[in-house]
Each structure stands twice: as structure tokens, then as C-alpha cells.
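Have a look at the structure below, then the notes.
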2 protein chains.
Amino acid sequence: MFTSRQNELAQAAKVLAHPARIAILEYISKQEGCICNDLVDVIGLAQPTISQHLNEIKKIGLLKGTFEGKNLCYCINEERWEELQQSFHLFFSNINYNCC
Amino acid sequence: MFTSRQNELAQAAKVLAHPARIAILEYISKQEGCICNDLVDVIGLAQPTISQHLNEIKKIGLLKGTFEGKNLCYCINEERWEELQQSFHLFFSNINYNCC
DNA sequence: TTTTAATATTGCAATATTACGATTATAATA
DNA sequence: TATTATAATCGTAATATTGCAATATTAAAA
């Protein structure tokens, strides 16, 4: 019904469509190294809720690192990040304003 | 709980978080002038559904034109579009990858 | 091996989103 | 003014998202 590019862009936008996930990404980005186990305190949502949001971010490949057990290590997957950045950039810059 | 910038970015992302709305924006952009009254046929969703999606897009100010009655005229609000483009650009380019 | 400190998973309630049929509203036109 | 073609709104069902308490899992440390 829609092109796969349209579906993928919408799916990526969906991950960014919650302020907690924006905040999580920005917080991880600000950390030195990738130990970020105080997300629950920083964001102010319950631990299962944070875990759930992290999972949404993981599902589109935006996080890399170690994901099990104690001392986990999250960080942003640079390649995937730049891929999405490019997708949004193309979307925004290919729009025309030819009326009104 | 979150900054207003985070909330606004998430809200904008939410509008892009459905492939029908991506498709609608791209279709309107491709039109010459702003007569785009065949959206229902092009997208393939029922007329009330399209109207609902258009309303979501309107709500964040991405459309301008005449919105009532027959012969309506939709087109993309250039200023608002570039505002959102800039917000997404800043978000994507301010992320660091300092680990792993 | 038990404890501990952390994340993940489960279950569930509340809310939001999506889709569409039926209906209403609008404004041009016959 | 009645008709017509279009979009908006209403009502509602199905599905998805969000949030958290309770519980399970994990792996390091005592």
C-alpha cells in the first residue's frame, strides 16, 4: 500500500515520537563512554518503562553494545544513526512548495 | 518532565510516524499548484481516514491554504516545514558517538 | 554458593491511534 | 432553490502504545 521507504521512514519517526525516547537518546549521547545505568533516575520513569523504551530504540538498530545482565553498555550505533539522518534529510529536502 | 523542545520534536515525529501521512505530504508536494482533491484515490484509504490524517498534519501547522467546502486547496507551509527540518537536523547532528 | 545490583519480562489497566460507515456541512452549479 | 461533488464530523470497533507492579534473569561480588 505504501512504498517500503515510506514505511521505514514512518517506523523510524515512530521511535522518535515519544519525548522519553528523545531524552534517552540525548542522554546516552552525552555520556562519556557507554555506561549509562542511571537512566531511570535521570528520566524519571519506572525501570520497566525505561527498559521498554530502550527496546523500541534497539529494534530499529539505533543502539549497540552489550545488552544482558549487570553492567550493561549502551551506546548509539553511528552507522544506523547516520542512515536515519540521511533518510530524514532527503524527506525534508525533497518537498516542494509550489503554490499559495 | 521533559523539555518543551523534546516534547515538540516528539510531537512532530508523531505526525511523520504513519506512512499514510508521509505519502500525503509527498503527494501534495508533487502537485503543481495546490489543488489536491484526489488524495483518497491516490492513497487508497477511505475519505474520513484521509481527512483525519490531514487534520493531524494541519495541527502542527504543516499545511496552509483553504480548508472548507468544495475546491479546497492544500499546500505545505514552507516556513513551518523548514522549522521542523531544522529541529530534526539539530537533533541528528548533536548526537555524539563516544564509545564502543 | 549466596547475595546483590542491575536489567528484562510478564501481566494488565488506561489511554491513544487507526480505520471506516453513516451522516452532516459546504459551496459551486444547474 | 435544488442538486451535486466534495470534505468534515460523529460514532464505534479494533488495535497499539504507555506505564507500572510483580517477578524473573543475569553476572559480578561477597
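Nothing here was measured: the structure is a model prediction, and the numbers come from that model. By convention in this document, chain letters (A, B, ...) are assigned in the order of the sequence lines, proteins followed by strands, and residues within each chain are numbered from 1.
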State the CZ-OG distance between A:Phe92 and B:Ser87, to the nearest 0.5 angstrom. 8.0 Å
Would you kindly give the [atom1]-to-[atom2] distance between [X] and [N], to the nearest whole Å?
X	N	atom1	atom2	result
B:Ile43	C:dT18	CD1	P	14 Å
B:Ile28	D:dA7	CD1	P	11 Å
B:Ile24	D:dA7	CD1	P	12 Å

Electrostatic pair B:Arg5:A:Glu26 at N-O distance under 4.0 angstrom: yes
Do the side chains of B:Ser29 and B:Ile76 get nearer than 4.5 Å, heavy atoms only? yes
Does the side chain of B:Leu54 reach to within under 4.5 Å of the side chain of B:Ile28, using non-hydrogen atoms? yes
Could you encode protein contacts along nucleotides 9-22 of chain D as a string, one character per nucleotide from 5' to 3', using B for base contact, S for sugar-phosphate-only contact and - for no contact, with a heavy-atom cut-off of under 4.0 Å? B-------SBBBBB
After noting the C-alpha distance and the side-chain angles of A:Leu63 and A:Asn77, does the key distance pass the side chain to side chain contact (heavy atoms under 4.5 Å, CB included) rule? CA-CA 5 Å; A:Leu63 294 179; A:Asn77 183 344; over 6 Å; no
For C:dA6, does either OP1 or OP2 sit under 4.0 Å from a side-chain N or O belonging to A:Tyr74? no
State whether a side-chain donor-acceptor pair under 3.5 Å links B:Asp38 with B:Tyr27. yes
